[in-house]
Structures are given as structure tokens and as C-alpha cells.
Amino acid sequence: MFEHVINALVHGSGYERIATPGCSDRTIRRRLAQWAGWGLAGELHAAALRAYDQLIGLELGDVAVDGCATKAPCGGERAGPSPVDRRKGGLKRSLATEGYGVPLGIASAGANRHNSPLLAPTLNAAVSQLGGIVPEERSCHLDAGYDGQPARQVLDELGFASQIARKGVPAPIQAGTRWVVERTHAWMNGYGKLRRCTERNAKIVDFYLYLAAALVTIRQLIQRARTRYRWDTRPTTKRLK
């Protein structure tokens, strides 16, 4: 059953196309709704974060947040007219990452929502996924779209030092460390279900978002542990032999 859900996430195919004689499309939808209601994807992502922190170490002193708009042609609770796609149905994904780019927390809304109102839900989701364990000295890196009093007030209330790009200043001059969240958005857009989300239920949308975040976290854990934990007879190539 889980393999069918992974296929749906990776390829973005309809459930009728990935169904097999042992697992029908109705079974996939029913089990998916059950898992989403239980919040299993969020728990899986939280477990992946704990494993990454134990083996590699999360860089929580520098958190980056940014939004990304993707397609949502079927509408639903997390869809809205996209301002970058001729007002077609779109999904806004607001993502918080740690210093290396490992996803911490996600908030979703319609594509017509501005990034700034999603800042507080995104950071609160990140703290929740971390079990409330965050360093006392922490900074939040944002682009010029957050340059305003509401975003700064949110950061002050949550205890983050603000590192916000100023409007009117060229981006390469003040890029800072927020580029990692854009790279993570690119990683997550590699999943077909996120590029073109056809789900209408908000819980199922969030399920796929956190499932993709868990897979990204596990992949980074494997890649970084491969070079950190190495024995003398280990093959030098990345391919395991």
C-alpha cells in the first residue's frame, strides 16, 4: 500500500493508473485519507529529523523561509488563483529549512496568498516538528518580499533575529544564507504530486507535503552520512558495491 502512495507522490499519476490487482484505486484513496487523518506523514518527518540530528546535526541557528507556487488544477481547500499562472488554480507552499536546507516545517494555502501571512504558521510548524527544541539564539533569513513590519513583529514574538533583505537592493549583494530554502523547494518540486497537486482535501495535501519533506530529509541523511561515516575499505565511489 505504501509503495502505491510513493508512486503517486513521485509520478503525480492518478490512482487509477497506479492501481494493481491487489490494491484498487478506491483502496488507495481510503487508506490515504485514513493516514492523513492520523497525521502519519508529519510523524514520519519528525522521526527523520531526529535521526538526522543524531547522526549529522541540524543547523538550527539559521532558519530560512520562503514560499513556492505550484499548480492545483482541480481546486480544493488549498487552491486559489495563481498570480504567476494567469489566475489558474495554484497551491502556495511555505517552507522553513535549517542552515543546510533540511525541511523543518510547512504551511500550505491558495496561490493567491502572500508569503508574509504564512510566516507564523510555517515557523510554528517547524518548532512543532522539532518537538519544541530550538536554540536560544536563532535567526530567520527572508527575502525582500517579507520586508515589512508584520514579518518583523512575527519574528520578534517567536524569538527570531530578523535577517530580511531590503527592497530596492540587488539580490546578489544581499543573498545571505536564504538560498538553501530555494534549493529545497527545487528538491521538493521533483515530486510530480507537488508540481501538479490534484488533491482537494487539505489534510491529504499536507500529507503529501510532509511525506516529500521526510524523503528529502532521509536522502540528505544518507548522502551526508556516506562521507562522514566511512571505513578504510569503503569504496570511493558513491555507488554501493
Side-chain angles (χ1 to χ4, degrees), residues 1-10 31-32 34-66 68 93-108 121-141 160 177-191 193-194 203-241:
M1 183 65 218
F2 186 68
E3 292 180 358
H4 289 76
V5 175
I6 293 295
N7 289 335
L9 172 65
V10 173
R31 191 65 60 83
L32 185 63
Q34 187 179 39
W35 290 350
W38 290 344
L40 294 186
E43 295 182 7
L44 176 62
H45 175 245
L49 287 178
R50 290 193 297 269
Y52 185 96
D53 191 28
Q54 182 177 2
L55 293 176
I56 307 298
L58 292 169
E59 303 174 13
L60 300 177
D62 294 298
V63 176
V65 180
D66 198 8
C68 177
R93 177 179 73 239
S94 180
L95 177 67
T97 65
E98 48 90 71
Y100 187 77
V102 174
L104 300 178
I106 308 173
S108 60
T122 305
L123 292 176
N124 287 329
V127 174
S128 177
Q129 291 299 103
L130 293 170
I133 302 176
V134 292
E136 294 183 0
E137 296 183 2
R138 52 189 185 272
S139 300
C140 185
H141 301 263
F160 285 88
T177 61
R178 69 175 187 276
W179 65 272
V180 295
V181 67
E182 298 176 1
R183 181 180 64 176
T184 306
H185 274 305
W187 289 340
M188 297 186 68
N189 284 338
Y191 296 99
K193 181 64 73 172
L194 302 190
K203 291 185 178 180
I204 296 181
V205 173
D206 293 338
F207 175 89
Y208 276 119
L209 290 175
Y210 274 106
L211 180 59
L215 296 180
V216 169
T217 303
I218 295 172
R219 183 178 63 184
Q220 292 306 308
L221 171 59
I222 294 173
Q223 290 183 352
R224 300 193 70 184
R226 179 184 289 118
T227 57
R228 175 170 296 191
Y229 301 97
R230 179 180 295 275
W231 55 92
D232 295 337
T233 58
R234 173 96 178 189
T236 57
T237 60
K238 292 184 177 180
R239 180 178 299 175
L240 299 179
K241 296 181 180 180

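- With values rounded to the nearest 0.5 angstrom, L104 atom CG is found 11.0 Å from T122 atom OG1.
- Taking CD of Q220 as the reference point, atom OG1 of T97 lies at 11.0 Å (rounded to 0.5 Å).
- Taking CZ from F2 and CZ from R31, the interatomic distance works out to 13.0 Å, rounded to the nearest 0.5 Å.
- Of all the heavy atoms in L130 and V134, the pair that sits closest is CD1-CG1, 4.0 Å.
- Looking only at side-chain heavy atoms (C-beta outward), V63 and S139 stay at 4.5 Å or farther from each other.
- Minimum heavy-atom separation, R178 to A64: CA-CB, 3.9 Å.
- Residues A8 and Y208 share a closest heavy-atom pair of CB-OH, 3.7 Å.
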For this session: Check the pair L49, V102 against side-chain contact (heavy atoms from CB on, under 4.5 Å), reporting the backbone distance first and the verdict last.
Result: CA-CA 8 Å; L49 287 178; V102 174; 3.7 Å; yes
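- S128 contributes no side-chain N or O that, together with a main-chain N or O of N124, makes up a donor-acceptor pair within less than 3.5 Å.
- Judged by a 6.0 Å distance limit and a 45° cone about the ring axis, R224 is not positioned over the six-membered ring of Y229.
- G61 and P135 get closest at one heavy-atom pair: N-CG, 4.2 Å.
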Problem set entry | Derivation and outcome, side-chain contact (heavy atoms from CB on, under 4.5 Å), residues N189 and R93 | CA-CA 11 Å; N189 284 338; R93 177 179 73 239; 3.0 Å; yes
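- Within a 6.0 Å sphere centred on CD of Q54, other residues, nucleotides and ligands contribute 12 heavy atoms or fewer.
- Side-chain contact between S108 and L209 is present, with at least one heavy-atom pair separated by less than 4.5 Å.
- Applying the ring-ring contact (aromatic ring centres under 6.0 Å, His included) criterion to Y210, with sequence neighbours excluded, gives H45.
- Considering only heavy atoms from C-beta on, L95 stays 4.5 Å or farther from C68 through its side chain.
- Minimum heavy-atom separation, G99 to V180: O-CG1, 3.5 Å.
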Exercise. Does the side-chain contact (heavy atoms from CB on, under 4.5 Å) test come out yes or no for W35 and V5, once each step is laid out?
Worked result: CA-CA 11 Å; W35 290 350; V5 175; 3.9 Å; yes
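- Among residues two or more places apart in sequence or in another chain, the side-chain contact (heavy atoms from CB on, under 4.5 Å) test is passed with N7 by H11, I18.
- If you take OH on Y52 and CD1 on I222, they are separated by 12.0 Å, rounding to the nearest 0.5 Å.
- With hydrogens and angles disregarded, a donor-acceptor distance shorter than 3.5 Å links the side chain of E98 to the backbone of E59.
- Closest non-hydrogen pair, I106 versus A213, comes out as CD1-CB, 3.9 Å.
- Counted by atom type alone, D62 and H141 present one or more donor-acceptor pairs between their side chains at under 3.5 Å.
- Here the CG atom belonging to L44 is positioned 5.5 Å from the CD1 atom belonging to I218, to the nearest 0.5 angstrom.
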For this session: Could you walk me through whether L55 and L221 pass the side-chain contact (heavy atoms from CB on, under 4.5 Å) test, one step at a time?
Result: CA-CA 8 Å; L55 293 176; L221 171 59; 3.7 Å; yes
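- We find the CG-CG distance between D53 and L58 to be 4.0 Å, quoted to the nearest 0.5 Å.
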